[in-house]
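For clarity, every value in this text was computed on a predicted model and none was experimentally measured. Atom set for the values below is all heavy atoms of this structure, side chains included, hydrogens, waters and symmetry mates excluded. So you know, we letter chains A, B, ... as the sequences are listed, proteins then strands, and number each from 1.
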Amino acid sequence: MPRRARHYWLMKSEPGAYSIDDLERDGETCWEGVRNYQARNLLRDELKVGDLVLFHHSSARPAGVAGIAKVVKGGYPDHFAFDRKSRYFDLKSKKDNPTWMMVDVAFVEKFDGVVALADLKAEPALVNMMVVRRGMRLSVQPVTETEFEIVRRMGRRLGS
DNA sequence: GCCAACGTTGGC
DNA sequence: GCCAACGTTGGC
């Protein structure tokens, strides 16, 4: 049986909440707290083990892609929604019918810097990336393989 | 801190 | 089902 082709994603995190350094330290983590239906659908249905992820720092200076992660567990219920003490608690998510989903991701690599959003916007081959579009707030975004490779190349070039 | 863009809520 | 009000996101 041929395996499903690898898919590519961009996931946003505020580094003050969880950064690429945190992921490097932890090795892997669950990606809890996504509370948007479109992103939830992607986490539930589309992100699969082995997919690669551009780890994007948002609300940072500069905002941009800080490294690479990979999906190590596909969509499963975000149990933080059940925890009244969690900031991600959501009364409407029931254990027998969870509203919100999460995945687990693992650290792959950290760039020697950040591929700034301005640099992504300046790259003609990336004009169709969601993240460069004005007002794009989706926190889990599909990325093409070509876009992924270009951004990774830009990231690896930062060190040299 | 500002504020534009967006998603959600709730009155009707 | 419309849409105004509101809250949040996130770049700058």
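Atoms CZ and CZ, on Arg157(A) and Phe111(A) in that order, are 11.0 Å from each other to the nearest 0.5 Å.
Ring pair Tyr18(A)/Phe55(A) is tilted by interplanar angle, where 30° to 60° counts as tilted. Classified by interplanar angle (parallel below 30°, tilted 30° to 60°, perpendicular above 60°), the ring pair His7(A)/Trp9(A) is tilted. Using bins of under 30°, 30° to 60° and over 60° for the plane-to-plane angle, the ring pair Phe148(A)/Tyr8(A) lands in the tilted bin.
You'll find the ring centres of Trp100(A) and Tyr37(A) inside the 6.0 Å limit.
For the contact set between residues 113-135 of chain A and DNA chain B, defined by any heavy atom under 4.0 Å, the members are Arg134(A), Gly135(A).
Among the atoms of the strands shown, base atoms are found under 4.0 Å from some heavy atom of Ser59(A). In this structure, His56(A) reaches the sugar-phosphate backbone alone: every heavy-atom distance under 4.0 Å involves primed, P, OP1 or OP2 atoms, never a base.
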Could you list the donor-acceptor pairs under 3.5 angstrom formed between side-chain atoms of residues 74-84 of chain A and any protein atom two or more places apart in sequence or on another chain?
{"residue": "Tyr76(A)", "atom": "OH", "partner": "Asp104(A)", "partner atom": "OD1", "Å": "2.4"}
{"residue": "Tyr76(A)", "atom": "OH", "partner": "Asp104(A)", "partner atom": "OD2", "Å": "3.4"}
{"residue": "Asp78(A)", "atom": "OD1", "partner": "Phe80(A)", "partner atom": "N", "Å": "3.0"}
{"residue": "Asp78(A)", "atom": "OD2", "partner": "Gly33(A)", "partner atom": "N", "Å": "2.9"}
{"residue": "Asp78(A)", "atom": "OD2", "partner": "Arg35(A)", "partner atom": "NH1", "Å": "2.9"}
{"residue": "Asp78(A)", "atom": "OD2", "partner": "Arg35(A)", "partner atom": "NH2", "Å": "3.1"}
{"residue": "Asp83(A)", "atom": "OD1", "partner": "Lys85(A)", "partner atom": "N", "Å": "2.9"}

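For Val103(A) against Leu43(A), the heavy-atom pair with the smallest separation is CG1-O, 3.7 Å.
With hydrogens and angles disregarded, a donor-acceptor distance shorter than 3.5 Å links the side chain of Asp51(A) to the backbone of Lys48(A).
Bracketed by its first and final contacts, the part of DNA chain B lying under 4.0 Å from non-hydrogen atoms of chain A reaches from dA4(B) to dT8(B) in 5' to 3' order.
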